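Residue numbering restarts at 1 for every chain, and letters A, B, ... go by the order of the sequence lines. For clarity, every value in this text was computed on a predicted model and none was experimentally measured.
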There are 2 protein chains.
Amino acid sequence: MAPSEQQPTIKEVARLAGVAPSSVSRALNDHPDVSPEMRARVMEAAEELSYQPDFLAQSLRLGSTRTIGFIVRDISNPLFAGIVKGAEQELESHGYSILLMNSLGDPMLDAKHIGVLRQRRVDGFILSLQSETNSETLRVLKNQSTPVVLLDREIKGVATDAVLFDHSTGVAEATSTLLKLGHRKINFIVGSAETRGSRDRLKGFQSAYAAFGIESLDDVVIEVGSYSRDFGFEATKMLLEREDPPTAIIAANSQIGVGTLAALNEHGLRHGEDVSLIICDDVELLRLMDPPVSVVARDAEKMGTVAAELLLARLEEPDSPMRSVVLPTFYVHRGSTVAPRSSDGRSGKRTPTAARAIRRS
Amino acid sequence: MAPSEQQPTIKEVARLAGVAPSSVSRALNDHPDVSPEMRARVMEAAEELSYQPDFLAQSLRLGSTRTIGFIVRDISNPLFAGIVKGAEQELESHGYSILLMNSLGDPMLDAKHIGVLRQRRVDGFILSLQSETNSETLRVLKNQSTPVVLLDREIKGVATDAVLFDHSTGVAEATSTLLKLGHRKINFIVGSAETRGSRDRLKGFQSAYAAFGIESLDDVVIEVGSYSRDFGFEATKMLLEREDPPTAIIAANSQIGVGTLAALNEHGLRHGEDVSLIICDDVELLRLMDPPVSVVARDAEKMGTVAAELLLARLEEPDSPMRSVVLPTFYVHRGSTVAPRSSDGRSGKRTPTAARAIRRS
DNA sequence: CTGAAAGCGCTTACAG
DNA sequence: CTGAAAGCGCTTACAG
């Protein structure tokens, strides 16, 4: 069979079956008032032409595209890839498809992309926004009534469903583990504190300190511009060159963590030996490093699945109360978390000679 | 401003401007025969209502959705995430959006998803298919005339544009490096040989052997069911338990490679010490392992960009000759590639006691 | 240069 | 139960 030049339309099916287009539509859409004979004739003709209704025309007529706009910061980040995968599976099983766009670290692109997707008449949005405060994004979000599920973001003034991670608990576990091991010079490298994830992680970090009776956290939290490898790298280098370098580092996500590992490497230091290390987000390779890297784990796909469920429920019942689902995070202890060199809790005062030598070479 | 209940339509703009809808359309679409006054009045009214034409209605009318169907095997695989990212950026800058679907290792889903996307009237496809031979996929592909760009696949009987990786060269470099170092027991763990990627990698592997004057490759190539971590893990375990275990392993992609690392780990063996290791596909963490893992690198985003360019060109000129673009791969030498334990080329005959002990504990 | 009409491919009240 | 008509929101020949 040669490729058909054109997709057959409902008219052609109607002509072949010898009935009206409206009857074809009713028969195919299981309308109750259709005689068995009509149904049979239509089915046969539709089969014969392998007719598929034009989704576009249906969308225009029905006012629903069964399409969800999904904006992520960067699909090449495994976290977002996992979320998208989870959401796609759930949505697909309900006849919805995903239009995917990347905002690539530019908050202005969030607003722009929302506009593009709105023009494409998506039925809903799942948004992993860059910023919670960008005024342009807020304006665009407020000026539209399409359902939105926010991922790990809370935006005041915009009522939406949301899926959030409980970063706090996992980071608190991680931090208190380090404190119990005797670490007193822990640095926490976090992305921009503008976002919920950062704030929540900080909360966990601070609560662990508070539970330990330590209140002041000067110079302990290192806020870098964004959750990127390069910022993690630079921040770590800066920390290692301090008079009083950390005995432990917590990296607030895997990009930063990779940067931290690279910086340790460059300084000739070993994680889990010279410096304890905990990275937020699990990646199998972290488990295979020597020693394996402790992590604060979370389930990305689950976030996607839940987001899709919330959105589907919202499309069913637009006026039901908004919901926020909080997913857990948990600390996974591995070999990179050890007692500091001198277990009295003060800095091990290790000689940086080896590191220097390597860096000079 | 409260969220508008409805998007304004062209009729409302026409009413506000006091002109006909057709004039609004012409003014907004830069039709030449529009008076300056008309243009101004329309622009003002459109601005006032912040009118955006309904993309759906335009699509139906114009017969083009400016939407590309993108099917990947698994978006959570960083390789595909990178490809999608590259393609999305290129397409977006030309006003196209991506409908993304995952086939999740099920070749039947490829065919089904192509159908779904066709019904959604995508203007073109970028396909990272599961199988080159699945009859259902082939049937669906042949029965449609929408432009397709295939990623790293060659399907006989279906004329399409394609972007391919030259896996062969990179693997040949890797293999001959191992051979030159004295390895004679190299195992190559590859996914299903049904796909071009596997065939091309094998070609490189064999050509390196041939250049070395070795022809017979019995028991050297290990074909596993698919490019998955678990298959890599099982295959490696099996190899390590052979009478005559390999002194070097090449893993045909990063999933398999992770499985290989995990299996080495379980056997208490170290890569780059007990067994040389080269993994096809680069991931930054591989560079940070101890020792860093050698890889055969390729540029995923580039594949996406090129695929988008080919597709856009095809949409411009449907009848131009089909093109295949081949992207390079190259071997990156790192610490995991070393001479075998006994450098005469025969197996180091290491005692597996340590490994056994660990596995029993 | 402008407007009224037709039509993209559907679905659904509305008659009968 | 079935068909003719209207309409979703656009664009584009076609008149004028």
Side-chain angles (χ1 to χ4, degrees), chain A residues 4-43 45-46 49-67 95 116 118-123 146, chain B residues 4-43 45-46 49-67 95 116 118-123 146:
Chain A
S4 47
E5 288 309 302
Q6 294 284 122
Q7 313 263 12
T9 71
I10 199 171
K11 276 192 196 168
E12 302 176 50
V13 178
R15 194 179 312 134
L16 183 61
V19 301
S22 47
S23 294
V24 174
S25 175
R26 276 189 296 259
L28 260 33
N29 291 309
D30 290 322
H31 188 97
D33 302 342
V34 176
S35 68
E37 307 83 62
M38 174 65 85
R39 191 179 309 278
R41 291 175 67 179
V42 168
M43 288 310 185
L49 300 173
S50 47
Y51 169 71
Q52 299 274 85
D54 185 325
F55 210 89
L56 225 54
Q58 288 183 320
S59 296
L60 183 62
R61 176 60 224 236
L62 298 173
S64 156
T65 55
R66 293 201 155 238
T67 305
V116 168
R118 212 154 83 91
Q119 204 173 353
R120 284 176 174 270
R121 299 299 186 259
V122 295
D123 290 348
T146 309
Chain B
S4 46
E5 289 308 303
Q6 294 285 122
Q7 313 262 14
T9 70
I10 199 171
K11 277 191 195 168
E12 303 175 49
V13 179
R15 193 179 314 135
L16 183 62
V19 302
S22 47
S23 294
V24 174
S25 176
R26 276 188 296 259
L28 261 32
N29 291 308
D30 291 321
H31 188 98
D33 302 342
V34 176
S35 69
E37 307 83 62
M38 173 65 85
R39 191 179 312 276
R41 289 175 68 179
V42 168
M43 288 310 184
L49 299 173
S50 48
Y51 169 72
Q52 299 274 85
D54 185 327
F55 209 89
L56 225 54
Q58 288 183 319
S59 296
L60 183 62
R61 177 60 226 237
L62 298 174
S64 155
T65 55
R66 292 200 154 237
T67 305
V116 168
R118 212 155 81 91
Q119 203 173 354
R120 284 177 174 271
R121 300 298 186 261
V122 294
D123 290 349
T146 310

To the nearest Å, how far apart are [X] [atom1] and [N] [atom2]?
X        : N      : atom1 : atom2 : result
A:Tyr51  : C:dG9  : OH    : C1'   : 7 Å
A:Gln52  : C:dC10 : CD    : P     : 11 Å
A:Lys11  : C:dG7  : NZ    : P     : 8 Å
A:Asn29  : C:dT12 : CG    : P     : 7 Å
A:Leu28  : C:dC10 : CG    : C1'   : 11 Å
A:Glu12  : C:dC8  : CD    : C1'   : 13 Å
B:Arg121 : C:dC8  : CZ    : P     : 14 Å
A:Arg120 : D:dG9  : CZ    : C1'   : 16 Å

CG on A:Leu49 to CD1 on A:Ile10, rounded to 0.5 Å: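 Interatomic distance, A:Ile10 CD1 to A:Leu49 CG, rounded to 0.5 Å: 12.0 Å.
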
Watson-Crick and G-U pairing of DNA chain C, under 3.5 Å, as dot-bracket with | and [ ]: |||.||||||||.|||

Contact list for DNA chain D against residues 56-65 of chain A - heavy-atom distance below 4.0 Å: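 Within this stretch, A:Leu60, A:Arg61 sit under 4.0 Å of the strand.
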
Shortest non-hydrogen contact between [X] and [Y], atoms and distance:
X        : Y        : result
A:Met43  : A:Ala27  : CE-O, 4.0 Å
A:Ala17  : A:Arg41  : O-NH2, 2.6 Å
A:Val122 : A:Thr146 : O-CG2, 3.6 Å
B:Gln52  : A:Arg121 : O-NH2, 3.9 Å

Touch class at under 4.0 angstrom, heavy-atom based, for B:Asp54 against every strand present: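 Result for B:Asp54 = sugar-phosphate.
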
Touch class at under 4.0 angstrom, heavy-atom based, for A:Phe55 against every strand present: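 Counting heavy atoms under 4.0 Å across all strands, no contact is made by A:Phe55.
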
Could you tell me whether the side chain of [Y] reaches within less than 4.5 Å of the side chain of [X], counting heavy atoms only?
X        : Y       : answer
B:Thr9   : B:Asp54 : no
B:Arg120 : B:Thr67 : no
A:Asn29  : A:His31 : no

Can you name the residues that form a salt bridge (charged side-chain N to carboxylate O under 4.0 Å, His left out) with [X], not counting sequence neighbours?
X        : value
A:Arg39  : A:Asp30
B:Arg66  : none
B:Asp123 : none

DNA chain C-proximal residues of residues 16-27 of chain A, any heavy atom under 4.0 Å: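 Hits under 4.0 Å, by residue number: A:Ser22, A:Ser25, A:Arg26.
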
